[in-house]
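Written below as structure tokens is the structure these notes are about.
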2 protein chains.
Amino acid sequence: MVAVLVIEDDDRIRLSLSLALEDEGYAVYTAATAEEGLLRQRREPADTVLVDLMLPGIDGFQCIRELRRDDDVPIVVVSAREDTHDIVAALEAGADDYLVKPVAVKELSARLRALRRRARTGPATPAGHQDLGDLKVRAQAGEVLLHGQPLALTRTEFRLLCELAGHAGQVLSRQQLLERVWEYDFGDERLVDVHVGRLRQKIEDDPANPQRLVTVRGLGYKMPR
Amino acid sequence: MVAVLVIEDDDRIRLSLSLALEDEGYAVYTAATAEEGLLRQRREPADTVLVDLMLPGIDGFQCIRELRRDDDVPIVVVSAREDTHDIVAALEAGADDYLVKPVAVKELSARLRALRRRARTGPATPAGHQDLGDLKVRAQAGEVLLHGQPLALTRTEFRLLCELAGHAGQVLSRQQLLERVWEYDFGDERLVDVHVGRLRQKIEDDPANPQRLVTVRGLGYKMPR
DNA sequence: GAACCCGTGACAGTTGTGTGACAAATCGCC
DNA sequence: GGCGATTTGTCACACAACTGTCACGGGTTC
């Protein structure tokens with residue numbers, strides 16, 4: 001299911017956009033302000049973001065720049081302003097497409113598909129590739145190198161490692177890992193422990209004394225930088 | 001220098017677009033018909049293609065499909081028709097963007113930049129020719145050499161191989177392959193498995209132990225660099 | 001010492017992948 | 001335009017790999 005985040009302050013437009021997109025088969029998240037949208041995208045990233053330009057507080061341009069700072073997500077502007085200057089500014093800020101209200105839903109949907117088709121040819125997983133000493137994570141190639149040798153990881157191990165390596169130096173709670181790796185909203189947190197254990201068997205020189213994937217008691221796990 | 005191919009039958013529009021794009025710093029090739037444009041793109045590929053919808057002979061839609069057959073080049077439609085139906089059809093055919101005439105050059109330029117920014121993150125080599133050890137893929141010539149000997153591949157096998165070889169070192173999911181090789185938006189992913197199996201019979205020395213086309217369990221397939 | 005946190009081995013159920021068979025669709029040739 | 005050959009997509013089966021649960025035990029905190 002493709003998730004779309006709609007950032008739009010006008011309640012009526014937000015609602016009608018949401019309904020239309022849901023009809024097209026998208027999962028829709030919404031936010032009424034840029035702040036809310038940015039927060040939401042950071043917590044639970046959507047696959048595509050629709051954003052209005054005229055927003056209270058942080059405006060659309062700034063919002064796009066903020067999103068682009070650490071996210072390569074496709075961004076589509078939906079705005080009432082049809083001035084060329086606005087269009088150019090939004091695209092320069094990092095937007096991928098720009099539609100003028102009122103939008104035809106069929107067109108919006110087609111443009112989303114075209115954009116996603118193009119975006120998908122990019123990196124498959126969020127983090128590109130990470131080097132942590134002897135351990136190299138090549139997300140695109142779907143491979144992990146330890147001392148230059150490719151490692152045979154299962155999908156779950158791979159995704160777990162990507163998640164941890166992508167936030168090297170930062171503690172991730174079992175709950176966060178469950179949500180991001182397993183996409184579970186709930187579940188047995190011990191599951192994480194088991195897979196961390198299995199992962200350690202493969203990436204640690206001495207699995208009983210983990211160096212690369214350490215546990216932070218009471219908080220979770222992290223990979224030191 | 002970024003090269004743009006403009007396919008447009010109206011002399012005046014073609015000329016003014018060319019001049020405007022040259023002003024923006026693009027190298028511009030032109031073609032007055034789809035046939036001419038396709039030939040030109042095959043001989044000397046541009047980095048982006050602008051195409052009109054109403055062309056004599058092969059029309060714009062068909063032209064887009066032909067281009068897409070063996071090229072991942074960004075395609076922008078510039079048309080006088082502003083009907084949603086046309087827009088959707090063009091995007092579905094494979095276009096990346098759609099502008100309604102008359103176009104503001106600044107906007108066109110900004111959209112080209114946005115599109116190229118997005119497209120560049122994609123495949124490193126569009127559709128040239130790839131050498132992977134003993135296996136040489138000549139996409140343009142439509143032939144594949146194994147140990148210097150030409151291989152007899154079916155069309156599907158050939159396109160599958162081109163797609164994989166064109167992204168050597170990168171995992172492609174079954175879904176991605178379905179979309180790019182079969183142009184299915186959905187469908188049975190097992191179809192990919194079957195054709196990978198058939199392809200292996202032809203390109204692997206020992207099909208039971210694939211070396212050139214390996215499966216990455218849970219993720220998809222890839223050809224190692 | 002009690003409560004809690006974490007590592008780990010075992011195991012059954014689930015999922016992913018390769019492959020042969022087959023019918024429908026397409027192609028090439030006359 | 002017809003007909004055999006080739007290609008394509010679907011299906012089902014078999015096997016291997018992976019996943020999640022559980023229980024046990026050692027360590028840590030208070």
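Here the structure is a predicted model, which is why all the values come from computation and not from measurement. Sequence lines set the chain letters: A, B, ... in the order given, protein chains first and strands last, and positions in each chain run from 1.
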[X] vs [N]: side-chain N/O to OP1/OP2 distance below 4.0 Å:
X	N	answer
A:Tyr221	C:dC5	no
B:Thr154	D:dT8	yes
A:Arg155	C:dG16	yes
A:Arg198	C:dT8	no
B:Arg174	C:dT17	yes

Rounded to whole angstroms, how far apart are [atom1] on [X] and [atom2] on [N]?
X	N	atom1	atom2	answer
B:Asp188	D:dG9	CG	C1'	9 Å
B:Leu153	D:dT8	CG	C1'	15 Å
B:Leu191	D:dT8	CG	P	10 Å
A:Asn209	C:dG7	CG	P	12 Å
A:Arg159	D:dC18	CZ	C1'	14 Å
B:Leu219	D:dC18	CG	P	12 Å
B:Gln201	C:dG18	CD	P	12 Å
B:Glu157	D:dG9	CD	P	11 Å

Any side-chain heavy-atom pair from A:Tyr26 and A:Thr48 closer than 4.5 angstrom? no
Is the closest side-chain heavy-atom distance between A:Val2 and A:Leu112 below 4.5 Å? no
Proximity to the side chain of [X] - top-ranked nucleotide from [options]:
X	options	result
B:Arg217	C:dC22, C:dT15, D:dG20	C:dT15
B:Asp193	C:dC22, D:dT21, C:dT17	C:dT17
A:His195	C:dT19, D:dG9, D:dG20	D:dG20

Please determine whether a side-chain nitrogen of the Lys or Arg among A:Asp193 and A:Arg200 lies less than 4.0 Å from a carboxylate oxygen of the Asp or Glu. no
Between B:Ser18 and B:Arg14: side-chain donor-acceptor atoms closer than 3.5 Å: no
Output for pair (A:Asp97 CG, A:Leu50 CG), nearest 0.5 Å, gives 9.5 Å
Starting at OG1 of B:Thr154, measure out to CG of B:Leu199 and round the result to the nearest 0.5 Å. 8.5 Å
Please list, by residue number, the residues of residues 176-186 of chain A whose heavy atoms come closer than 4.0 Å to an atom of DNA chain C; answer none if no residue qualifies. none
For A:Glu204 and A:Arg212, indicate whether the former's side chain and the latter's backbone hold a donor-acceptor pair under 3.5 Å. yes
Classify the nucleic acid contact of [X] as base, sugar-phosphate or nothing, counting any heavy atom under 4.0 Å across all strands shown.
X	value
A:Arg190	base
B:Val194	base
B:Gly218	sugar-phosphate

Between A:Ala46 and A:Val73, which heavy-atom pair has the shortest distance, and what is it? O-CG2, 3.5 Å
Residue closer to the 5' end of DNA chain C, B:Pro210 versus A:Arg200 (nearest nucleotide): A:Arg200
